[in-house]
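Encoded as structure tokens, the structure appears first; notes follow it.
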Amino acid sequence: MDNQIPDINTTPTKKIGRYLITAALPYANGLKHIGHLAGAYLPADIYVRYLKAQKRDVVFVCGSDEHGTAIPIQAMKEGTTAQAIIDKYHPIVAQNFADLGIEFDIYHRTSSPLHHETAQAFFTELNNKGHLEVKTTEQYFDESKATFLADRYIKGTCPVCGNADAYGDQCEKCGSTLSPDMLINPVSTLSGNAPIKKETQHWYLPLNRHEAFLREWILTQHKQDWRTSVVGQCKSWIDGGLQPRAVTRDLDWGIKLPDSTPGINANDQQKVLYVWFDAPIGYISATKQWAADHQKDWKPYWYAPDTKLVHFVGKDNIVFHCIIFPVMLQLHGNILPENVPANEFMNLEGDKMSTSKGWSIEMEDYINDWVKPENGGESMADVLRYYLTQIAPETKDSEFTWKGFQEANNSELVNIFGNYINRTFVLMHKLCKGKVPPLHATLVDATDHQLVAEIKAAAIKIESLLEAYKFREALFEVIDIARKGNKYMQDKQPWMVAKNAVIDGQLTPEGQQQIDNCLHLCLQLAANLAIFIHPFLPFTAGKLCKMMKVVPKMLEWENAGRIDLLKVGYSLREPQLLFRKIENEEINYQLEKLKAKAQSATTTIMESTQEAAQATQDEVAIAPVSPEIVFDDFAKIDLRIGTIVAAQKVPKADKLLQLSVDLGFETRTIVSGIAQHFAPEAIIGKQVTVVVNLAPRKMRGIESNGMILMAEDSEGKLHFVHPSTAINNGAGVK
RNA sequence: GGCGAGGUAGCUCAGUUGGUUAGAGCAUCGGAUUCAUAACCCGAAGGUCGGGAGUUCAAAUCUCCUCCUCGCUACCA
């Protein structure tokens, strides 16, 4: 081939390297939405596909996280067993990922025997080396069931908002983070009985011992190459003071402590590893399983210093993957992560995504609506991958809108990328007889050289952006080179040459040569586009390979930037459209559907709240009326009517108001957690009901002498309890 | 309240160590073209860089104050 343009391999130094890539283990208690996808799985998949195209030694592990209390909780909700829950969601989520082209080397599960053994051995190793501490504490215990109660198994009244169905770890109504001790009238959800306090011993990971190591490793060594938000978050945690963290807990769903654990006794029969401890070890057990399946050795991936371990997670997982798990790995003798490119959150149409509120698009929803043959099939999976990457929350929270989705598809994938491919193929069939035309050296001009230079530059740029985890920008460069292809073609106008360079109804030889050169380069660019787009849109790359009749091996990155990928004279297939337009009606339908889903979810939440309220009346098990008291007990409480005469915010507290209440006989200072419900100036002069003989208590340094009674409505808003007409301050309430 | 990350054209984002009229893509408008999924190409318009003060010959970029969003955290009898 007489080709004047030098063909420089853009990747001269062949990098070999061993990579272990992980994506956060999805919790197997339900479906996962596109925010999860954009946060961890999609960027991980793009990175892995790129690494594999570079022929590097890489394993991509993920799997279901199947322990922890939320699994049996979900089982209670669905009226089934914990095992049934994980058996239900594991395959569904795995299939959803596969349908969207997320290609794990292994999608394992933490309920597997191999994982149990691995996690137990990990625990034993740390314990034997003296890296864990044992402490005895008091925890809630259900006597009738003879079991300690996990936070989630305790319900009671939320001290913040008064919700009667708050859990021991969190109130779902007001979102407050709680501990079981904070609940008013705690009740075991297993028996309905009030739990007692009982001593129990637990193993702790003393993170506080490792502060110096973490400071050096993260804040110094990785200050530059990790994302600022990740380093900042870690700094915040470390500066806040690291505390020992319980590794074990009393629960019957999880990985049992090894029988050989020194100090374990009969009372510890129900001790399991805390889910946060066993879950990340799931990456290791998944690697082991993958290695066993492929006759490989798993150890280098977790022990060899030249292995690059990269964790892809959402920002809610930063602390586990940057602080806790690295401490575990270091103590256990493993390698540390090279990077944790955590993404921020993705909102949806102006609001936070929330499965429980129905304000989300589950991967399954998208697959059902779009990824089917009559709607576009696999290429629609690529469209989602495209838009989610384009708006990936790499540096700050971002927002998914259906309108944006439509525009990204129509004006970039269809109009720029798809159209470039299509017009190239159509012209090649019209003007070059369906074959790759030769490049005529004598006619190669500056425009041609520039295009070739741009292709090579794009290869280098995309590569370096991918290496730096800048997927959004890398994808932009891919579209941009397609844009340059369009421009090149417009400059060359081969269709005009075909019309004008004609003598006696015959195209002149030079005219044909000009056309040949243009389309030769356009086709070589098309081949490059297949390579470039492959990590992002694998299905589209596959389609392109078919059209060009090349094997997937062409997609290897060493071919990026080459302009001899398609052989002269090779006949290519008829073009098929890569993407289709998305119409307004489809977008409107999705918007309506989202609103309807949110509406029905709200209704469901309200219904279940009402049901719970109803159940409170007749079924003690869920939220019983407090134990009966006699009149004398009630008489101990001295309730009085008072008037708020002054109110101000308590400094350094978001929820507290400091009130002065005139009780007739005296004016008292009372601190109340109502600052988020009332403006101080708006409540002056209001009459309220006060518990006046409650023991004083200091809050934020201010002594509170009493308690204001509040009623809470169905939306969680607080209202004062006061007499229907104003009466004298100090009046008793009976 | 403390800490962390953000706040730059309608939208999504770039802006390295402070330096000429603040950039890109999409959307919008105008023009040209017709090979291509009524697509493509060229051009224009559009921002007091959250607000205020300061340092400087010069600030989106440095300092201080302040407002807003998100996350973590404290407060909740």
Side-chain angles (χ1 to χ4, degrees), chain A residues 157-162 171 174 176-178 182 184 227-241 314-316 318-319 342 344-345 347 352 387 390-399 401 403-404 407-408 410-416 418-431 470 472-473 476-477 479-480 483 485-499 515 518-519 522 575-581 649-657 670-676 691 694-697 699-702 704 706-710:
Chain A
T157 301
C158 172
V160 179
C161 71
C171 173
C174 66
S176 304
T177 305
L178 306 174
M182 295 163 78
I184 301 163
R227 292 183 178 167
T228 54
S229 57
V230 173
V231 175
Q233 183 72 67
C234 291
K235 184 178 188 306
S236 184
W237 273 88
I238 296 169
D239 288 347
K315 73 171 159 184
D316 50 335
I318 289 174
V319 64
E344 307 285 303
F345 290 154
N347 296 323
K352 274 190 252 188
Y387 183 53
Q390 195 211 44
I391 62 165
E394 288 176 8
T395 53
K396 58 186 168 190
D397 289 356
S398 68
E399 184 166 330
T401 63
K403 191 76 191 150
E407 280 182 0
N410 290 357
S411 54
E412 288 168 34
L413 286 180
V414 177
N415 292 356
I416 295 172
N419 186 55
Y420 173 75
I421 297 296
N422 190 48
R423 67 198 298 211
T424 298
F425 272 72
V426 168
L427 279 175
M428 181 268 297
H429 276 90
K430 275 189 188 168
L431 306 177
K470 294 182 178 176
R472 192 179 54 206
E473 217 176 323
F476 173 83
E477 291 298 329
I479 298 302
D480 199 52
R483 197 176 283 121
N486 276 320
K487 180 175 162 57
Y488 170 79
M489 200 180 284
Q490 188 67 20
D491 289 343
K492 291 282 179 177
Q493 301 194 65
W495 54 91
M496 292 306 290
V497 176
K499 197 184 274 181
I515 292 170
C518 172
L519 285 168
C522 283
Q576 64 176 123
L577 296 179
L578 294 177
F579 306 102
R580 69 172 181 86
K581 280 235 180 247
K649 281 213 64 177
V650 175
K652 302 187 179 186
D654 285 354
K655 295 178 183 172
L656 299 181
L657 286 187
I670 296 177
V671 178
S672 186
I674 58 172
Q676 292 180 330
V691 183
L694 195 63
R697 172 167 168 132
M699 279 182 275
R700 281 272 139 186
I702 300 162
S704 177
M707 172 179 165
I708 312 270
L709 296 191
M710 305 299 298

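No hydrogens, no waters, no symmetry mates; every other heavy atom, side chains included, goes into these values. Lettering of chains follows the sequences in order, A, B, ..., and the numbering in each one begins at 1. A quick note: this is a predicted structure, and the numbers were derived from the prediction, not measured.
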For [N] and [M], measure between their [atom1] atoms and round to the nearest Å.
N	M	atom1	result
B/A5	B/G43	P	40 Å
B/U12	B/U66	C1'	28 Å
B/A22	B/C29	C1'	22 Å
B/A60	B/U16	C1'	14 Å
B/A45	B/A53	P	30 Å

At what distance, to the nearest 0.5 angstrom, does CZ of A/F476 lie from CD of A/E412?
8.5 Å
Check nucleotides 69-71 of chain B against the protein and report each pair of N or O atoms closer than 3.5 Å, with its distance, or say if there are none.
from: B/C70; atom 1: O2'; to: A/K315; atom 2: NZ; distance (Å): 3.0
from: B/C70; atom 1: O2'; to: A/D397; atom 2: OD2; distance (Å): 2.8
from: B/G71; atom 1: OP1; to: A/K352; atom 2: NZ; distance (Å): 2.4

Separation of atom [atom1] in [X] from atom [atom2] in [N], rounded to whole Å:
X	N	atom1	atom2	answer
A/E477	B/A14	CD	C1'	11 Å
A/F425	B/A36	CZ	C1'	13 Å
A/L519	B/A36	CG	C1'	12 Å
A/W237	B/C3	CH2	C1'	12 Å
A/F476	B/A14	CZ	C1'	9 Å

For nucleotides 32-35 of chain B, tabulate all protein N/O to nucleotide N/O atom pairs closer than 3.5 Å, reporting atom names and distance.
from: B/C35; atom 1: O3'; to: A/K430; atom 2: NZ; distance (Å): 2.8
from: B/C35; atom 1: O2; to: A/R423; atom 2: NE; distance (Å): 3.3
from: B/C35; atom 1: N3; to: A/R423; atom 2: NE; distance (Å): 3.4
from: B/C35; atom 1: N3; to: A/R423; atom 2: NH2; distance (Å): 2.5
from: B/C35; atom 1: N4; to: A/R423; atom 2: NH2; distance (Å): 2.9
from: B/C35; atom 1: N4; to: A/Q490; atom 2: OE1; distance (Å): 3.2

For A/R483, all residues meeting salt bridge (Lys or Arg N to Asp or Glu O under 4.0 Å), sequence neighbours excluded
A/D480
Could you list, one pair per line, each protein nitrogen or oxygen that sits under 3.5 Å from a nitrogen or oxygen of nucleotides 26-29 of chain B, together with the distance?
from: B/C26; atom 1: O3'; to: A/S411; atom 2: OG; distance (Å): 2.9

May I ask you to verify if any side-chain N or O of A/S672 is less than 4.0 angstrom from the OP1 or OP2 atom of B/C75?
no
Using OP1 and OP2 only, check whether a side-chain N or O of A/S229 sits under 4.0 Å from B/C72.
no
Base-pairing mate for [N] - Watson-Crick or G-U, with both contacts under 3.5 Å:
N	answer
B/A14	none
B/C41	B/G31
B/A59	none
B/A74	none
B/U69	B/A5
B/C64	B/G52

What nucleic acid atoms does [X] come within less than 4.0 Å of, heavy atoms only: base, sugar-phosphate, or nothing?
X	result
A/E399	nothing
A/V671	sugar-phosphate
A/F579	base
A/N419	base
A/K487	sugar-phosphate
A/L657	nothing

Name the residue closer to the 5' end of RNA chain B, choosing between A/K470 and A/V414 according to the nucleotide with the nearest heavy atom.
A/K470
A/L656 side chain, from C-beta outward: closest of B/A77, B/C40, B/U37
B/A77
Atom of A/Y488, atom of A/C518 and distance for their closest heavy-atom approach
OH-CA, 3.5 Å
Write down the atom of A/R472, the atom of A/T395, and the distance for their closest heavy-atom approach.
NH2-OG1, 4.1 Å
What protein N or O atoms touch nucleotides 7-9 of chain B N or O atoms at under 3.5 angstrom, if any, and at what distances?
none

Using only atom types and a distance under 3.5 Å, with no angle test, would you say the side chain of A/N486 pairs donor to acceptor with the backbone of A/I416?
yes
Could you work out, with side chain to side chain contact (heavy atoms under 4.5 Å, CB included) as the rule, every residue matching A/N422, not counting sequence neighbours?
A/V426, A/P575, A/L577
